[in-house]
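See structure below.
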Amino acid sequence: MVAAVDIDGRAAQLGINWSEINLDSIQLPPGDDFGIASDDEAVYHDDQSEFDTGFGNIIVVDHLPDVLREKYEKLEGVVKKIYNQLGVIRENGLWMPVGPDTKTLGYCFIEFNTAQEAQNAKEKTHGYKLDKSHIFDVNKFDDFDRLMNVKEEWEPPQARPYSPAENYQKWLTDEKARDQLVIRHGADTEVYWNDPRQKKPEPVHKRPYWTESYVQWSPLGTYLVTLHKQGAAVWGGADTFTRLMRYQHSMVKLVDFSPGEKYLVTYHSQEPSNPRDASKVEIKVFDVRTGRMMRDFKGSADEFSIGGPGGVAGASWPVFRWAGGNDDKYFAKLSKNTISVYETETFSLIDKKSIKVDNVVDICWSPTDSILSLFVPEQGGGNQPAKVALIQIPSKVELRQKNLFSVSDCKMYWQSSGEYLAVKVDRYTKTKKSIYSGFELFRIKERDIPIEVLELDNKNDKIIAFAWEPKGHRFAVIHGDQPRPDVSFYTMKTAQNTGRVSKLATLKAKQANALFWSPTGKYIILAGLKGFNGQLEFFNVDELETMATAEHFMATEIEWDPTGRYVATAVTSVHEMENGFTIWSFNGNLLYRTLKDHFFQLAWRPRPPSFLTAEKEEEIAKDLKKYSKKYEAEDQDVSLLLSEQDREKRKALKEEWEKWVMQWKSLHEEEKLARQNLRDGEVSDVEEDEYEAKEVEFEDVIDVTEEIVQESM
Amino acid sequence: MVASSTKYVRITIQSSSHDQTLESWIRPILLKGHERPLTCLRYNRDGDLLFSCAKDHTPTLWFVDNGERLGTYRGHNGAVWCCDVSRDSSRLITGSADQTAKLWDVQSGEQLFTFKFGSPARFVDFSVGDHLAVITTDPFMERTSAIHVKRIAEDPQDQVGDSVLVINNPDGKKRINRAVWGLLNKTIVSAGEDAVIRIWDTETGTLLKESDEEVGHKKAITSLCKAADDSHFLTGSLDKTAKLWDMRTLTLIKSYTTVVPVNAVAMSPLLNHVMLGGGQDASAVTTTDHRAGKFEAKFYDTILEEEIGGVKGHFGPINALAFNPDGKSFSSGGEDGYVRLHHFDSNYFDIKI
């Protein structure tokens, strides 16, 4: 930088009157900086191609009434009143043009203090009904250029020639019917085939810094979503992982797919600069395939949470809960005293309004139908009972409801095929000093939705975990006191009794605090995570017998593969050591282990539902022996091949090592004399060699050398 | 102070590739003599004596057969980091945090000479023939880490403190944890916190070779163990690996991966086995489950680089490991202050993987 004084001096030298020069009038040829690099940062950011016009804080409000001179003041007053609520209008910031007939022209300009206020005002009042015939059409001044360029006549979009897309589901056609899994460790994200025959994972795709926070599969496994500073991206394709689409959402923190993976919901929240303000939340809903943003929601974190203890740091994710089934028709948001259900045809509220439910704290969709269950806690110190209700969407008809007394909390668990809903009810005892739990079981598919009450044998038992058997009629409960709680299994129907819940068995004193059903049912893992250091019990619920007990020390995560054939257990980086994952068979055989430092995440690639009908599946299960022959033979071949390969590898390693040893021996021999000298003539090698080699031949050689030494001495 | 535990410790031998499980039984002798964490263990050549050093100030001599404590070497004023014993078992050299290295008469326990340094002595090693000793010193105040070569006089009366050679570490702020004699006293091999293994010329003090950065250790090297014939050596590192190198060419031959930082390594003189010991940092010990620490001495097949089994017992990280030169027993020293002396049962020698 040149000091101002220097410039003045130089100007005087050249005879230039500095004050007469208008610096702005000096124009350099474009693209030439005369060797003087600009210190203006913006120059280096060519990508900022959009110039700020300085009109960002102005909005144009159209469809105002046309009024005569005498009513001008009144209209101005009305407009001001509306917009003053939304931001600070600058002094003389409201300008309503008047035509030659002194009538207003039906629009006005409003200049706010900041662009944010203008944006906010635009969003809030676009479509505002002043009266029946005057609905505001609000645009930002900056948008006008763009809007002017819109052609008057509609041009039909050109039909693009059809080009067959890649088969996004090609991984399902794997010859060995293997499943994929993704792991994140260190900076790397890797996708593997789980290859239990080879007893190791086979790499599919690896990429360092693939994501900036985490990765997630779409519910049917088609896409892998990665998160970045600029937004989210989905990856997939036939052979390798290529980027299929990007979704712009700066600083995206969380993502969620709709169950049919048609839509992607992205979430971003910003901590407020003033700690007393709520953080700002922005949620966008994208169409996964086209990448189009279907709707965005903005607001403070308060609007997206119900203000309970769970909602302090931000909204509880997912904010939008998708209705069950793969048609992705409805999604719901819970907020204070209201449930807002949107439909994806227009991305607006059903019937244009939310459902009012005072004090509702939890909602839960049926996994298969558009039925919403909701829970309202007790009000007025117990005068108004708590309530669990089922609402049909879109009709908003209440299908069933149950009032519950002296309830402290409720938790709702849907069975995966939407047949049953279990509500765990925590009640106060009469003294209100302690809490005991029971279940209300709803049979959704039966007429009138009968409700059954289930209490544990010992109703004071604390309930540690609950899980429905996927697609089944049974559920498992861990109850009792740590460190050795009991595990009970119940069924919703037995052969004799289809309408009543009955207990199958109770396993006493198990080291378990979490339940993991196989996705096909029948098998369950009773897992002791955290405090239990990773105890695993593989249990067959049909036979009510333990298949295997094992331990994956310090395990933090357990996940069944989508077919229920294998289980992955993992130690993630919450622990410093032992990071990595282990693959087990469904019956608890350890297949292989993989250690990875800084292990963050493991996720199996989901599979879409099978096309086979239930009858067909049953048939296959019946004739399993016939089918399995072929696979058993394949297994045999692979294991033979493997042991052959292994033998060869070992042989090669042994040979290589022998080579080293021979080399060392001969060199050691060569240096014998030198060593002897260093040891003042002590013949020292005999004893050393005793440990190394027991070959007689070798000892003979030593004898010979000894003689030579003696001769030379 | 001998506590021979009546309980037998089982080494479980697992082999992932062959579905066989072998068990071997080892009877451990618990040597309780130290009050602080162990730092170093050395057998004499005959394998009948075991020298142990700890962070308390007194190196101790044990009788290997029965674990009897034969005596202590009193005189140091700080943690003793290391020791070495001469081939004829007459001399002991120890290096200590009291900034000295001392020569002792093994039998009488008498101090023969004190080498004084301006910083703690970290490692000592007698040369072939025992006429020279290499001593490494830590970086301390403005002093950089260094390797000193001392001449060891036949007669203690003639002993002088002068160094024959002083080599300064290229990165003087990083500690040299180990420096041992190479082949025929012509080279010195050093390794330390900078994760690099260096081979020096003992004649001139010039650097001859450095380990390849690509294949070398990624974190501080904590331990080093030579083969009986000096042809190769094993290094252990906090990067959770141990690596086997050719002494002459510094070629990486084998690499062993474990789950914990490696503090100690040893090679069986009898079988193709290497033994690794370690555990997390001492500072983290109290916050982790004793099983989480994996305070096991792990056995690996030298050639196949596969884990064979482990010996549990310590309730702190293992800091020192040594095989008896006869290969039939080994000892381990832990952060817990105990030395465990294990004699192999015959089953051990039948292990096949």
Side-chain angles (χ1 to χ4, degrees), chain A residues 199-200 531 533-534 551 553-554 571 575-580 589-593 595 597 642-643 645-647 649-661 663-682 684-685 687-694, chain B residues 14 16-18 45-47 87-88 127-132 154 181 183-186 227-232 239-240 244 246-249 251 253-254 257-261 268-272 278-281 284 287-289 291-294 301-306 323 325-327 353:
Chain A
K199 302 217 177 226
K200 64 177 186 223
N533 288 334
E551 183 191 64
F553 188 59
M554 304 304 265
V571 179
H575 296 298
E576 211 173 303
M577 281 184 290
E578 313 259 341
N579 277 201
N589 277 337
L590 197 160
L591 297 174
Y592 61 90
R593 301 170 58 181
L595 292 176
D597 254 0
L642 271 183
S643 58
Q645 279 172 352
D646 196 46
R647 248 202 308 282
K649 197 185 107 197
R650 279 158 183 260
K651 211 174 125 199
L653 284 171
K654 284 237 157 80
E655 272 165 15
E656 188 201 0
W657 178 256
E658 284 305 319
K659 237 195 246 164
W660 278 107
V661 172
Q663 190 191 335
W664 288 332
K665 269 186 188 158
S666 71
L667 287 166
H668 191 67
E669 229 7 74
E670 276 171 32
E671 290 162 355
K672 187 179 166 74
L673 193 60
R675 200 161 39 244
Q676 195 169 326
N677 285 337
L678 284 172
R679 288 195 174 131
D680 308 329
E682 185 193 347
S684 52
D685 285 359
E687 232 174 302
E688 279 175 25
D689 292 334
E690 198 180 278
Y691 303 135
E692 284 174 19
K694 285 165 264 171
Chain B
Q14 303 170 318
S16 51
S17 41
H18 294 232
R45 188 171 64 118
D46 299 325
R87 190 175 160 86
D88 60 4
S127 71
V128 177
D130 299 323
H131 296 310
L132 295 166
E154 198 86 17
W181 292 95
L183 286 152
L184 303 175
N185 299 348
K186 283 180 187 150
D229 64 355
D230 290 354
S231 62
H232 55 287
D239 67 8
K240 304 180 185 175
L244 191 77
D246 180 61
M247 180 73 92
R248 290 174 178 87
T249 58
T251 313
I253 303 176
K254 298 284 173 190
T257 308
T258 174
V259 289
V260 294
S268 167
L270 209 53
L271 301 175
N272 281 321
Q280 76 278 58
D281 287 343
T287 57
T288 4
D289 186 293
R291 292 194 305 163
K294 289 272 171 171
D301 185 281
T302 311
I303 303 168
L304 303 176
E305 303 175 334
E306 280 171 22
F323 263 106
D326 70 3
I353 71 163

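Order of the sequence lines sets the chain letters (A, B, ...), proteins ahead of strands, with each chain counted from 1.
Proximity to chain B is absent for every atom of A:Gln663, based on heavy atoms less than 4.5 angstrom apart. Residue A:Asn579: no heavy atom, backbone or side chain, is found under 4.5 Å from chain B. With a threshold of 4.5 angstrom between heavy atoms, B:Asp230 does not approach chain A through any atom at all. Of the atoms belonging to B:Thr257, not a single heavy atom falls under 4.5 Å from chain A.
A:Leu590 is linked by a side chain to side chain contact (heavy atoms under 4.5 Å, CB included) to A:Thr582, A:Trp584, A:Arg593, counting only residues two or more places apart in sequence or in another chain.
The distance from atom CG of A:Leu678 to atom OG of B:Ser127, rounded to the nearest 0.5 Å, is 7.0 Å. Between the CG atom of B:Asn185 and the CG atom of A:Asn677 there is a distance of 11.5 Å, given to the nearest 0.5 Å. In this structure, the separation between CD on A:Glu656 and CD1 on B:Ile253 is 8.0 Å, given to the nearest 0.5 Å. The line from NE2 of A:His668 to CG of B:Asp229 is 5.0 Å long, rounded to the nearest 0.5 Å.
By number of non-hydrogen pairs under 4.5 angstrom with chain B, the leading residue of A:Asp597, A:Leu667, A:Asp680 is A:Leu667. Among B:His131, B:Glu305, B:Arg248, the residue making the largest number of heavy-atom pairs under 4.5 Å with chain A is B:Arg248.
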Residues A:Trp660, B:Leu244; criterion side-chain contact (heavy atoms from CB on, under 4.5 Å); working and verdict: CA-CA 12 Å; A:Trp660 278 107; B:Leu244 191 77; over 6 Å; no
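Across every non-hydrogen atom of A:Leu653 and B:Ile303, the tightest pair is O-CG2, 3.6 Å. Between B:Val259 and A:Leu595 the shortest heavy-atom distance is CG1-CD1, 3.2 Å.
Side-chain atoms of B:Met247 and A:Trp664, non-hydrogen and from C-beta on, never get closer than 4.5 Å to each other.
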